Structures are given as C-alpha cells and as structure tokens.
Amino acid sequence: MNITIYDTNKESSGCGCSCSCNSESAFSRDDLIRDLEAKAQNSEVKSIIIEDQNRQELISDLNDIFKSNNERITVNKSTLDFTLSKILPLIVVDGKIRCANSIPDADELLEAEKSDSRVIMKSSCC
Amino acid sequence: MKSNLGKIFKGLSQISHDVTQFLSSFYKVGIAIAADFEDISNHPKNLMLDFESAIVYVSSNSSGQMGVFDNYFEVIASQNDVVDYLTKLGYKAEVIDGSSDEISLVTAGVKTGIGDISPVNSLVVKGIGLTGAIGVILTNAPLEKMELDGKTCTNCMKCLKVCPIREEANAKGNLDNCACGKCVNICPV
C-alpha cells in the first residue's frame, strides 16, 4: 500500500483538524505513521507538508486526486487555501481518499481501506 | 474606479440568481446585505473592509454530527464554484470558517432570513429544526437581498430544558461542553 498524508505544519486541535473544536481524541501524524509502520509493514507511508510544496504542483496533484475519486471538486489559486483548510489532513491510500480533515488511528484507516470506504468524520470537527 | 475595471459586466440580479443556483444542493440559501448587519458589533466589515453581501446556506445534517455537512466534498465544491464565479467577475469572495470569532454564522443566518435564533443560540430552520450546518461566503459584490421570513422558532423551550450548559434562554454557556446534540434531536420545528 502507498499511503500519502497531506498535512500542514500549522497547529491543529487535538483531533487533527484545523478548527478550535478542542476534541479530546488526539492522534498526531507521527502517531499514525508509527502505528502504520508497525501494523502495515508492507506499506510505504509518505508525508507531504503543503508549505513545502509548489502551489501549482499542489493544485495539479489535488485535482488529479479529486478526479480519480470521482469528486466534483476542483481547486485553483483562488480556492486552494479554503479547500486546504477544509480537507487537511488528507490521507490517500493507493490513490483513494480514505480520510479528510482529521487524523484517524491506524486501525480505522486500515479498516476503511479493507472495506473500500472512508473514515467517518468525527463529531465536533469543523 | 480602478477596482471596477476588471469586472465583467453582468446584472446584479443575474449574479445573485447564479450564486443561489450554484448552491442549489443546499436546503436553503439566503443573501443579506451590509445594512442588515448595522446593529451588531461583529460586522462582516471587520473581515472584509468593502463587504457588501453575505451569502448564507444551510443543509440538514442527517448524520447527527453537529456542524458537519453530510456530503463533505460536494459542499466544498459548491462553495468553490461561488468563489470562482465571483472572482472571475472581479469581486472578492471569502468563505467564512465556522470557527471564526469575527462573525457569527448563526447571526448571518438570521440576517438573511433563513432561520431564527433558538433559546440555545443556534439557528432554527423551518423543516430541519436545529439539524442544519451553516456556511457563509462574504463578498464585495452588491448582491440583491433575498426576502425570506425566518420567523420559525415556536419558543417551546424544549431545547433549553435539555441543554447542559444553559439555564436561561440565550445565555452564553460554556461552549467547551457543547457537543451533546440533545437540542438538535428534540427540536420540533
């Protein structure tokens, strides 16, 4: 499995989202990567920090992901920041969106992959 | 004058209509204008100096998760459509996050006439009660106000009776403890 985590270096609340929901469930990106390395040993986990990315490439990559997941959404220069604020952290497994707007625990993510679904968004998130 | 040079001419009535069409997948859409906010302290002009209109949209949330739209990516796509459209016409357009301290989404909903304020300070919308998730786009496009009658709340106070953080109607309460959803489930509207 190729697991890609798109995320930001900006501070987030406990659940990993970018609002101020103060959720108590706290899984960090590092927690997830560590657990995935232990539980899905044949996987390659890549973390992409969006601040380090060229914006045009990021727009192109995101639009490719949305298109291949049959999502109508597209981004451009004027909608990129808003869209990122809503979807990050975004987790893509073998090209399929499995989680958006939060960091799940590894079991949730692997279950979503197994059942070809998405991790359900947590209550109280933005 | 200079800022108008890039604007593609299109009637405001047509623009207002187009904007609401982009958001037609929502349960209700409303437009309020700058003058509607004159009586409140957190005026949208604090966020956008040349603010003219607020586009507010609400959808029922059958998942029961407070503040979360059901079809997450479609919701973002619709909002991007509006921002794109207005930007291409030469206007500013900014989606306001629900966590903004600068403007209350509920107040914006009331100002557009989409709904009414409940005793627990959330938006009551006819047909979906308190289950609505609200979104707001601010713009400097002088759109046409939509005349909607938001008077909806029956003041039955059922929401207040089950609220764990308020004893009086419209008290502020400790919002850190507000996520039980009891008011959402009991509202009869």
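Sequence lines set the chain letters: A, B, ... in the order given, protein chains first and strands last, and positions in each chain run from 1. Model, not experiment: these values are computed from the prediction.
By the 4.5 Å heavy-atom criterion applied to side chains, B/Y91 and B/P142 are counted as neighbours. Put simply, the side chain of B/T152 does not reach to within 4.5 Å of the side chain of B/V125, judged on heavy atoms. In this structure, the side chains of B/K28 and B/T112 stay at 4.5 Å or more apart for every pair of heavy atoms.
For B/Q14, the CD atom sits in a packed shell: over 12 heavy atoms of surrounding residues, nucleotides or ligands are nearer than 6.0 Å.
For residues 64-76 of chain A, the interface with chain B (any heavy-atom pair closer than 4.5 Å) comprises A/F66, A/E71, A/R72, A/I73, A/T74, A/V75, A/N76, sorted by residue number. Near-neighbour residues of residues 41-55 of chain A relative to chain B, defined by a heavy atom under 4.5 Å from a heavy atom of that chain, are none.
By the ring-ring contact (aromatic ring centres under 6.0 Å, His included) test, A/F82 is found to be paired with no residue, residues two or more places apart in sequence or in another chain being considered. Evaluation of the salt bridge (charged side-chain N to carboxylate O under 4.0 Å, His left out) rule for B/K161 yields no partner, not counting sequence neighbours.
Checked by atom type, the side-chain pair B/D84/B/T87 shows no donor-acceptor distance below 3.5 Å.
For the pair A/D105 and A/K39, the salt-bridge criterion is not met [side-chain N within less than 4.0 Å of a carboxylate O]. One finds a salt bridge joining A/D116 and A/K96 here, because a Lys/Arg side-chain nitrogen approaches an Asp/Glu carboxylate oxygen to under 4.0 Å.
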